[in-house]
Amino acid sequence: MATTPARHDPDVLVIGAGVVGLFCAWFLRQAGHTVTVVDRHEVGDPAACSAGNTGFVGTQGSAPLAEPGVAAKGLRWLLDPESPFHVRPRRDAGLLAWLWHFRRHCTERHARAGFEVLLALKQRSLAILREVCADGDLADTLTARGMVLACRTEQGYAQARRGIPAAVERGVPLRELDRAELARLEPGVDFAIAGALLNEEGAALRIPAFLLGFARLLRERGVEIVTGTEVRDFEVTGRRVRAVRTSRGDLHPTEVVIAAGVWSAACARTLGVGLTLQPAKGYTVTVPAGPGTPRLPMLLSEGKVAVMPLGDRIRVGGTLELSGLDNSVSPRRVDGILRTVRSYLPGLDTDRRLHVWSGLRPCTPDSLPLIGRAGTYRNVSVATGHGHIGMGLAPAGGRLLAQLLDGKDPDLPLETFALDRFGRGRR
Ligand SMILES: Cc1cc2nc3c(=O)[nH]c(=O)nc-3n(C[C@H](O)[C@H](O)[C@H](O)COP(=O)(O)OP(=O)(O)OC[C@H]3O[C@@H](n4cnc5c(N)ncnc54)[C@H](O)[C@@H]3O)c2cc1C
């Protein structure tokens, strides 16, 4: 049910009530602004990417998607409809430009630099989440008991082990897990793997419980969240947005933040601002938990599938498909995810599917978010592009956005996240 529209014009209007928009609102409110968040759907509506994902938020998985070797695998993956990464071939200049930038970032140097930034964001985000989820309704939406990285092949295991020193050097408590310890941590789980690592700082959010609880907390703190309200256009005078036209009337905020996930590109385009952003579809499947179900969140390394225990259920998620703004479910890809899961965890019963969900990740070619002023507009900013790890980046990203608007010293250099770092982007 749609909530009532804003009763007053806020200092800041945030477009999008996904995890990114909500964390922008959190830090803007903390800085003393009046904040309204608008969304065309309810908070937690399955159309939002934040609503059905696996919720991993620890320091694991801080690598950018563009890595050495990914471009070479690309052609093989392109032809395999069950591969973890897929590009649906189509004539789309925006997609080609994105792929060109992605290919350029598949180098050791870029991957290392990207890892440093993503890890710094994830470490800050985890600290913020620990505070936000310290008590109250949100207390049981964050689990921080560690995460297992399971490797099916000797080659994958050797590669994962090679990453330990670099991770440890940067403060990530990653280590090898021997068979006996794995059996102690996961009693009764049947593994078909070559080996595993443990990230003791591994953490995960229960989704959508976290999102719904966080929205409640924001309302308690005075943030107005207006749902069932679509932003359709802007009234512009000179270099300022004077009014935001919504399906339920005009709003006149002092500042506008576009945090509309994959739809941010269309929103910014209305203002003539191009974003280098592509939707990357993924799926989660929720099945009942059984006796052979893992207790800790687990990443199935080579298959790029996440496994998230949720009490009496277990959610598995994966695939990254550059298929445009289309969130239809491909049964073949869903079967592929479940086959991957069974190849690591043969004892897990995946026959009864309680829920299948697809979501569109807002992805940039270098996997870093877009956080910055929109073009030459004096009162419009963008916060999007948090990609495959948006739950784990949104808290620190929200604080950066608030620092940008208030002209405060940012936690990390804002140039790193500038909207025009790939050129001006396609309009
Ligand atoms: C299968 C899968 C698994 C994932 N697992 C993880 C994980 O384990 N860990 C992790 O960190 N990340 C994960 N992610 C990524 C994460 O879900 C996203 O990065 C994150 O949810 C993006 O949040 P967002 O707020 O930018 O976008 P969204 O959640 O999509 O929110 C955007 C909102 O904007 C609203 N909106 C759009 N246009 C308008 C408009 N014109 N007017 C009003 N409202 C508008 C939409 O309705 C929507 O609610 C996963 C993603 C997928 C698909």
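As the structure is a computational prediction, the values presented were derived from the model and not from experiment. Throughout, residue positions are numbered sequentially from 1 according to the sequence presented. First listed ligand is number 1; within each ligand, the first listed atom is number 1.
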Asker: Considering all heavy atoms of both residues, which atom of Ala383 and which atom of Val20 are nearest to each other, and what is their separation?
Answerer: O-CG1, 3.3 Å
Asker: Nearest protein heavy-atom contact for atom 28 (P) of ligand 1: which residue, which atom, what distance?
Answerer: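 Heavy-atom neighbour on the protein nearest atom 28 (P) of ligand 1: Cys49 N, 3.6 Å.
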Asker: Hey, is ligand 1 close enough to Thr54 that some N/O pair sits below 3.5 Å?
Answerer: yes
Asker: Any nitrogen or oxygen of Ser50, main chain or side chain, under 3.5 Å from a nitrogen or oxygen of ligand 1?
Answerer: yes
Asker: Using a distance-only test with no angle check, is there a side-chain donor-acceptor pair under 3.5 angstrom linking Thr286 and Arg315?
Answerer: yes
Asker: Can you find a side-chain donor-acceptor pair between Thr59 and Gln123 that sits under 3.5 Å?
Answerer: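 Result is no, nothing qualifies.
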Asker: Is it the case that ligand 1 has an N or O less than 3.5 angstrom from some N or O of Asn53?
Answerer: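 Among all N and O atoms of Asn53, at least one is under 3.5 Å from an N or O of ligand 1.
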Asker: Any N or O of Gly318 that comes nearer than 3.5 Å to an N or O of ligand 1?
Answerer: no
Asker: Check Arg353 against Val285 and note the closest heavy-atom contact, atom names and distance.
Answerer: CG-CG1, 4.0 Å
Asker: Which pairs with one or both residues in residues 388-398 pass side-chain hydrogen bond (donor to acceptor under 3.5 Å, both in side chains), sequence neighbours excluded?
Answerer: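 Residue pairs passing side-chain hydrogen bond (donor to acceptor under 3.5 Å, both in side chains), neighbours aside: none found.
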Asker: Could you find the nearest protein heavy atom to atom 24 (P) of ligand 1 and give me its residue, atom name and distance?
Answerer: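 Checking every protein heavy atom, the shortest distance to atom 24 (P) of ligand 1 gives Val20 CG2, 3.8 Å.
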Asker: Tell me whether Arg152 forms a cation-pi arrangement with Tyr344, defined as NZ or CZ under 6.0 Å from the six-membered ring centre and within 45 degrees of its axis.
Answerer: yes
Asker: Regarding ligand 1, does Ile389 bring an N or O atom to under 3.5 Å of one of the ligand's N or O atoms?
Answerer: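 For ligand 1, there is an N or O atom that lies under 3.5 Å from one belonging to Ile389.
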Asker: Take Tyr157 and Leu197, measure what side-chain contact (heavy atoms from CB on, under 4.5 Å) needs, and give me the verdict at the end.
Answerer: CA-CA 9 Å; Tyr157 186 37; Leu197 308 186; 4.0 Å; yes
Asker: Of all the non-hydrogen atoms in the protein, which one sits nearest to atom 7 (C) of ligand 1, and at what distance?
Answerer: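 Checked against all protein heavy atoms, atom 7 (C) of ligand 1 sits closest to Phe56 N, 3.5 Å.
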Asker: Check whether any heavy atom of Gly55 sits under 4.0 Å from an atom of ligand 1.
Answerer: yes
Asker: Check ligand 1 against Gly16 and write out every atom of the ligand that is under 4.0 Å from a heavy-atom position of the residue.
Answerer: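 In order of numbering, the contacting atoms are 33 (C), 34 (O), 35 (C).
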Asker: Side chains of Ser247 and Glu230 only: does a donor on one sit below 3.5 Å from an acceptor on the other?
Answerer: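 Side chains of Ser247 and Glu230: no pair found under 3.5 Å.
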Asker: Considering only protein heavy atoms, which is closest to atom 18 (C) of ligand 1, and at what distance to one decimal place?
Answerer: Gly387 O, 3.6 Å
Asker: How far is atom 41 (N) of ligand 1 from its nearest protein heavy atom, and which residue and atom name does that atom have?
Answerer: Val231 O, 3.1 Å
Asker: Any salt bridge linking Arg373 with Glu255? Criterion: basic side-chain nitrogen under 4.0 Å from a carboxylate oxygen.
Answerer: yes
Asker: Identify the protein heavy atom lying closest to atom 2 (C) of ligand 1, giving its residue, its atom name and the separation to 0.1 Å.
Answerer: Arg361 NH2, 3.6 Å
Asker: With a 4.0 Å cut-off, would you call Glu200 and Arg175 a salt bridge?
Answerer: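 Answer for the salt bridge query: yes.
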Asker: Purely on distance, is any nitrogen or oxygen of Gly359 under 3.5 Å from one on ligand 1?
Answerer: no
Asker: Among all protein heavy atoms, pick out the one at the shortest distance from atom 31 (O) of ligand 1; state its residue, atom name and that distance to 0.1 Å.
Answerer: Gly18 CA, 3.4 Å
Asker: Which pairs would a plain distance check flag for residues 357-365, meaning a side-chain donor or acceptor within less than 3.5 Å of a matching protein atom at least two apart in sequence or in another chain?
Answerer:
residue : atom : partner : partner atom : Å
Trp357  : NE1  : Pro46   : O            : 2.9
Ser358  : OG   : Asn327  : O            : 2.5
Arg361  : NH1  : Ala280  : O            : 3.3
Arg361  : NH1  : Lys281  : O            : 3.3
Arg361  : NH1  : Thr319  : O            : 2.9
Arg361  : NH2  : Thr319  : O            : 2.9
Thr364  : OG1  : Asp366  : OD1          : 3.1
Thr364  : OG1  : Ser367  : N            : 3.2
Thr364  : OG1  : Leu368  : N            : 3.2
Thr364  : OG1  : Leu368  : O            : 2.8

Asker: Does ligand 1 have a heavy atom under 4.0 Å from the side chain of Arg40, from its backbone, from both, or from neither?
Answerer: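 Both backbone and side chain.
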Asker: Contact between Leu393 and ligand 1, counting heavy atoms under 4.0 Å?
Answerer: no
Asker: What part of His388 sits under 4.0 Å from ligand 1 if we count only heavy atoms: the side chain, the backbone, both or neither?
Answerer: backbone
Asker: Please confirm whether Gly261 approaches ligand 1 to less than 4.0 Å, judged on its heavy atoms.
Answerer: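 Yes, that is the case, since the closest heavy atom of the residue is under 4.0 Å from the ligand.
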Asker: Numbering the atoms of ligand 1 from 1, which are under 4.0 Å from a heavy atom of His41?
Answerer: 47 (O)
Asker: Record the part of Thr229 in heavy-atom contact with ligand 1 below 4.0 Å; permitted values are side chain, backbone, both and neither.
Answerer: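 Backbone only.
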Asker: Any nitrogen or oxygen of Gly392, side chain or backbone, less than 3.5 Å from one on ligand 1?
Answerer: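 So ligand 1 has an N or O lying under 3.5 Å from an N or O of Gly392.
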Asker: Between Asp326 and Arg88, does a salt bridge (Lys or Arg N to Asp or Glu O under 4.0 Å) hold up when you go through it step by step?
Answerer: CA-CA 11 Å; Asp326 156 28; Arg88 186 187 297 167; 2.9 Å; yes
Asker: Is it true that a side-chain atom of Arg124 and a backbone atom of Ala120 form a donor plus acceptor pair closer than 3.5 Å?
Answerer: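 Yes, the answer is positive, given that a donor and an acceptor are paired below the 3.5 Å cut-off.
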Asker: How far is atom 48 (C) of ligand 1 from its nearest protein heavy atom, and which residue and atom is that?
Answerer: Asp39 OD2, 3.3 Å
